[in-house]
Amino acid sequence: QVQLVESGGGLVQVGGSLRLSCAASGRTFSNYAMGWFRQAPGKQREFVAAISWSADNEVYADSVKGRFTMSRDNAENTVYLQMNSLKPEGTAVYYCAAGSRGIVTTLPVLYGYWGQGTQVTVSS
């Protein structure tokens, strides 16, 4: 079992920045590839970013490329999502997820563990 707790959400103006964190506990953190997803009201959960267990491979949704950066610190059992140049469509609950070590994927079904989410609101 892996427990994930997100933090760092909040209210930010268009063009602003936020840094989300996801702290993991339980099993060895470096056993897992990690992902960030988001879900806006009335919409399906969508992929944002993913990172391999060793941080040598990152994948981003086209909508956030060049603005968001995902990173991880295996010594601290934490992943981060640095979000810059935020847009109103970035308003959503952001979730981190843990999946199989060998798979960096955009598919939520392949992530076995999820956090409770943190709200990000981008105001115009």
Side-chain angles (χ1 to χ4, degrees):
Q1 287 286 341
V2 175
Q3 292 78 43
L4 303 172
V5 179
E6 302 94 336
S7 61
L11 176 65
V12 63
Q13 290 188 333
V14 170
S17 298
L18 278 176
R19 188 193 196 202
L20 305 184
S21 300
C22 173
S25 60
R27 290 187 146 179
T28 304
F29 180 63
S30 60
N31 283 347
Y32 299 92
M34 300 294 294
W36 283 99
F37 293 79
R38 65 188 180 188
Q39 188 165 18
K43 295 189 176 182
Q44 288 190 331
R45 191 169 297 191
E46 66 171 356
F47 170 77
V48 175
I51 192 167
S52 63
W53 72 271
S54 60
D56 63 351
N57 185 20
E58 299 163 36
V59 179
Y60 296 93
D62 288 344
S63 58
V64 306
K65 274 181 186 175
R67 299 186 298 116
F68 289 14
T69 302
M70 186 174 183
S71 59
R72 67 188 296 162
D73 184 337
N74 286 345
E76 295 295 327
N77 293 345
T78 304
V79 292
Y80 304 97
L81 185 68
Q82 178 66 44
M83 306 186 295
N84 299 329
S85 302
L86 281 160
K87 302 177 180 180
E89 52 265 40
T91 294
V93 177
Y94 284 72
Y95 300 89
C96 74
S100 175
R101 190 187 203 208
I103 300 174
V104 180
T105 179
T106 65
L107 301 175
V109 70
L110 295 181
Y111 290 85
Y113 302 98
W114 293 82
Q116 83 291 347
T118 185
Q119 176 71 47
V120 172
T121 303
V122 185
S123 66
S124 55

Take the angle between the ring planes of Trp114 and Phe37 and call it parallel below 30°, perpendicular above 60°, tilted in between. tilted

Using salt bridge (Lys or Arg N to Asp or Glu O under 4.0 Å) as the criterion, list what pairs up with [X], not counting sequence neighbours.
X	result
Lys43	none
Glu46	Arg38
Asp62	Lys65

Got a second to check how far [X]'s [atom1] is from [Y]'s [atom2], nearest 0.5 Å?
X	Y	atom1	atom2	answer
Ser54	Arg72	OG	CZ	8.0 Å
Ile103	Ser52	CD1	OG	12.5 Å
Leu86	Ser124	CG	OG	12.5 Å
Tyr80	Asp73	OH	CG	5.5 Å

Cluster check [X], [Y]: I/L/V/M/F/W/Y, side chain < 4.5 angstrom:
X	Y	answer
Val120	Leu11	no
Phe47	Val93	yes
Met70	Val48	yes
Leu107	Ile51	no
Leu18	Val64	yes

Return the set of residues passing side-chain hydrogen bond (donor to acceptor under 3.5 Å, both in side chains) with Thr121 (not counting sequence neighbours), or none when no residue passes. Gln119

Exercise: identify the closest heavy-atom pair between [X] and [Y]:
X	Y	result
Gly9	Leu20	N-CD2, 3.6 Å
Ser85	Ser17	N-OG, 4.3 Å
Val122	Thr91	N-OG1, 2.9 Å

Are Phe68 and Trp36 close enough, and set up right, to give a ring-ring contact (aromatic ring centres under 6.0 Å, His included), and what steps lead you there? CA-CA 11 Å; Phe68 289 14; Trp36 283 99; 9.9 Å; no

Quick note, salt bridge (Lys or Arg N to Asp or Glu O under 4.0 Å) partners involving residues 80-102, not counting sequence neighbours, are none

Do the non-hydrogen side-chain atoms of Ser25 and Asn77 ever get within less than 4.5 Å of each other?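 A side-chain contact under 4.5 Å is absent here.
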
Is the backbone N or O of [Y] less than 3.5 Å from a side-chain atom of [X], with the two atoms forming a donor-acceptor pair by type?
X	Y	value
Asn74	Trp53	yes
Tyr111	Ala33	no
Thr118	Tyr94	no
Glu6	Gln116	yes
Thr78	Glu76	yes

Take Asn31 and Val2 through the test side-chain contact (heavy atoms from CB on, under 4.5 Å) and record every step on the way to the result. CA-CA 10 Å; Asn31 283 347; Val2 175; over 6 Å; no

Could you walk me through whether Met34 and Leu4 pass the side-chain contact (heavy atoms from CB on, under 4.5 Å) check? CA-CA 11 Å; Met34 300 294 294; Leu4 303 172; 4.0 Å; yes

Distance-only side-chain donor-acceptor flag, Glu58 / Tyr60, under 3.5 Å: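 Yes.
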
Please list all pairs passing the disulfide bond (SG atoms under 2.5 Å apart) test where one or both residues lie in residues 12-124, with sequence neighbours left out.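 Of all non-adjacent pairs touching residues 12-124, those that pass disulfide bond (SG atoms under 2.5 Å apart) are Cys22-Cys96.
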
